[in-house]
Number of protein chains: 2
Amino acid sequence: MGDTPELELRRVQVHAAYEQVWRELEKRILDGTLQAGDRLPTEMELAQRFGVNRSTVREGIRRLESEGLVRRASGRRLVVAVPSYGDLAPRTSRALAMSQVSFLELWQVAVVMEPLAARLAAANANEADLAEMRRNLEATGETLRAGRSPARLDTEFQRLVAQSAKNRALELSREPIGLLLYPALEALIPLVPQAGERLLVAHRRIYEAIRDRDEDTAYHWMHKHVVDFRRGYELAGLPLDAPVRMPEPASPPGG
Amino acid sequence: MGDTPELELRRVQVHAAYEQVWRELEKRILDGTLQAGDRLPTEMELAQRFGVNRSTVREGIRRLESEGLVRRASGRRLVVAVPSYGDLAPRTSRALAMSQVSFLELWQVAVVMEPLAARLAAANANEADLAEMRRNLEATGETLRAGRSPARLDTEFQRLVAQSAKNRALELSREPIGLLLYPALEALIPLVPQAGERLLVAHRRIYEAIRDRDEDTAYHWMHKHVVDFRRGYELAGLPLDAPVRMPEPASPPGG
DNA sequence: GTTTGTCCGTTTGTCCGACAATCATCATTA
DNA sequence: TAATGATGATTGTCGGACAAACGGACAAAC
């Protein structure tokens, strides 16, 4: 075999035309040539400028749409947009669910993220944030009195705390986990009678600490709350290492 | 104005055909009808079964591809896949960068996530993980001796630690942050002469602690390391609250 | 003067039919 | 047996086409 002189070759990259359309537009958006809010040219015009068929342009555009970099304005013209975590979080949740992530894995992250969120919320929450939390607390109380499951409201409470933290990296990191984790309450509540009351108490304490700008108390109650969640899960006899399931989407994923 | 009796209307949903194709296939994948690894029918066949044109099917497929739910095998046929964070993390990073997230916001998350990763890594790393860290350590040493920037290798080291933690939720949560945060080293290193050496020492300690299954030491050194990173950033006179920029992609984003 | 109905040019969503390039497969050849 | 070539299936791209929906302008009706 003396005829293969250590020749190192890498796969020659061949990009489909619609991919190049997508990448080119993406690049223009990311480098600021196209700013959020700008209107894109019509499909016909894009096709002419790129020198490809309109069908090809459309396939590229689908990709951009899916990434949340462009949206269709009320009317029809394409408009450059900033991707929202409304688009991203459910997708990450799905990837986690499809990877058969266990309750324990999610919990291990939540138990550090949520207390951090509470601490930052105590530092940064504004009056509007507090009002939303109050509204959520009341709704949770009613829901419990009516004997229904507060799972969705708990998910929301955690999200509201994270929103109050004024840290978008935190918000975006924890959202996919919250989306997968708290629906597990749905299964837990009926099995652990005292869970609902404990949850409400914890939420109240967390809210009060945030309102009073008491970072440490907010942190500790949230930590306790998340630990409590795990304990309830074990108490109910649910397996920590079983994969979680993807909940029904509350709001339809971005399109 | 008594002629508007609290009438609440929501926008009537009209779904384009390609959207329905996308949603239907997505549903089949998520509910398990189509399992990872399964081959999808050909575009022609999909078009016939959905009763739409092949072009329409193709637009829907682009969406699925973008979500990582389906890939083109080496050949051509579409294959159902599990979305990887290779697809997801860069997108989340972009969303963060476009939202003008500050160094401080990223750091606040990193300072709790990375030590957690180190602790779990000390508990769960296997021999292959350790070998990769060793390789990374050596490369970092060489890079520093050569006077080049270890930014990319640092990003990789943190990723390797997270991989060793055997927690996919953690891995997926921290990756977008790491991707945005550590490239800031590129700007930092030339300004803080001792930074490179300190970084290498920290990496070594973290590696040793993980190897020795010493969770607390791994945790503390990683915490120290991340705190050190921030101190270096401040020392260099870089503003904590300025938005970070999106780094050049090391590997082209999934497609 | 404001609302409603109508028209028109533009743009999108969808369809049809077609072709070259590429891939998977298998029979053929050295 | 392993390399080579032929064959059929499938994708990527194209050009052209049309109905539906939109934005805007204008006229008619209240």
Side-chain angles (χ1 to χ4, degrees), chain A residues 1-4 7 9-26 34 37-66 69-81 254-255, chain B residues 1-5 7 9-26 34 37-66 69-81 252 254-255:
Chain A
M1 308 232 191
D3 51 352
T4 311
L7 182 49
L9 302 174
R10 51 189 71 221
R11 178 160 181 80
V12 51
Q13 296 264 8
V14 50
H15 291 296
Y18 71 88
E19 264 182 83
Q20 297 186 52
V21 169
W22 149 48
R23 282 181 202 276
E24 182 63 26
L25 288 174
E26 179 183 76
L34 289 167
D38 287 358
R39 285 171 21 150
L40 259 63
T42 65
E43 296 178 352
M44 194 73 84
E45 198 172 332
L46 286 172
Q48 285 171 339
R49 290 214 235 163
F50 281 120
V52 298
N53 192 272
R54 189 164 76 98
S55 309
T56 304
V57 167
R58 296 189 105 240
E59 294 190 31
I61 286 176
R62 292 296 157 252
R63 183 80 187 218
L64 288 174
E65 263 177 352
S66 167
L69 290 174
V70 305
R71 288 186 199 293
R72 297 250 173 232
S74 68
R76 272 194 136 76
R77 200 66 157 272
L78 281 172
V79 172
V80 179
Chain B
M1 308 238 186
D3 51 350
T4 312
L7 183 49
L9 301 176
R10 51 189 70 222
R11 179 161 180 79
V12 49
Q13 296 264 6
V14 49
H15 291 297
Y18 71 87
E19 266 181 78
Q20 298 186 50
V21 168
W22 148 50
R23 282 182 203 275
E24 182 63 24
L25 289 175
E26 180 184 75
L34 289 166
D38 287 358
R39 283 170 26 148
L40 259 64
T42 65
E43 296 177 352
M44 193 72 82
E45 199 173 332
L46 286 172
Q48 286 170 340
R49 289 214 235 161
F50 282 120
V52 298
N53 193 271
R54 189 163 77 97
S55 309
T56 305
V57 168
R58 296 189 106 243
E59 293 190 32
I61 286 176
R62 292 295 157 252
R63 181 81 187 217
L64 287 173
E65 261 177 353
S66 167
L69 288 174
V70 43
R71 288 185 199 295
R72 297 255 172 223
S74 68
R76 271 192 139 81
R77 200 67 158 273
L78 281 173
V79 173
V80 178

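Chain letters run A, B, ... following the sequence lines, proteins first, then strands; residues in each count from 1. These numbers were taken from a predicted model, which means no experiment stands behind them.
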Closest approach of B:His15 and B:Gln20, non-hydrogen atoms and distance?
O-NE2, 3.2 Å
Side chain to side chain donor-acceptor pair (under 3.5 Å) against B:Glu24, all qualifying residues, sequence neighbours excluded:
B:Arg28
Check: B:Glu65 and B:Arg72 side chains under 4.5 Å, non-hydrogen atoms
yes
What base-paired stems does DNA chain D take part in, with at least 3 consecutive Watson-Crick or G-U wobble pairs and both distances under 3.5 Å?
C:1-30 with D:1-30
State which of C:dT14, C:dT12, D:dT11 makes the closest approach to the side chain of B:Arg72.
D:dT11
Partner set under salt bridge (charged side-chain N to carboxylate O under 4.0 Å, His left out) for A:Arg54, not counting sequence neighbours:
A:Glu43
Atom CE of A:Met44 and atom C1' of D:dA17 are separated, to the nearest Å, by 11 Å
Do B:Leu69 and B:Trp22 have side chains that get closer than 4.5 Å, going by heavy atoms?
no
Would you mind reading off the distance between A:Glu43 atom CD and D:dA20 atom C1', rounded to a whole angstrom?
14 Å
Value in whole Å for how far the P atom of D:dT13 lies from CH2 of A:Trp22
13 Å
Under 4.0 Å from any atom of DNA chain D, heavy atoms only: list the residues of residues 49-62 of chain B that qualify, in numerical order.
B:Arg54, B:Arg58, B:Arg62
Tell me which nucleotide among C:dT11, D:dT10, C:dT14 gets nearest to the side chain of A:Arg77.
C:dT11
Mind checking what makes side chain to side chain donor-acceptor pair (under 3.5 Å) contact with A:Asp38, not counting sequence neighbours?
none
Atom-to-atom span, CG of B:Leu46 to P of D:dA9 - whole angstrom:
18 Å
Contacts of type side chain to side chain donor-acceptor pair (under 3.5 Å), residue B:Glu45, not counting sequence neighbours
B:Arg49
Could you tell me how far apart A:Glu65 (CD) and C:dT12 (P) are, to the nearest whole angstrom?
11 Å
Residues at least two apart in sequence or cross-chain that pass side chain to side chain donor-acceptor pair (under 3.5 Å) with B:Thr42, listed by chain then number, are none
Rounding to a whole Å, what distance do you find between A:Leu78:CG and D:dC22:P?
15 Å
B:Val57: which residues meet the side chain to side chain contact (heavy atoms under 4.5 Å, CB included) condition with it, sequence neighbours left out?
B:Leu46, B:Ala47, B:Val52, B:Ile61
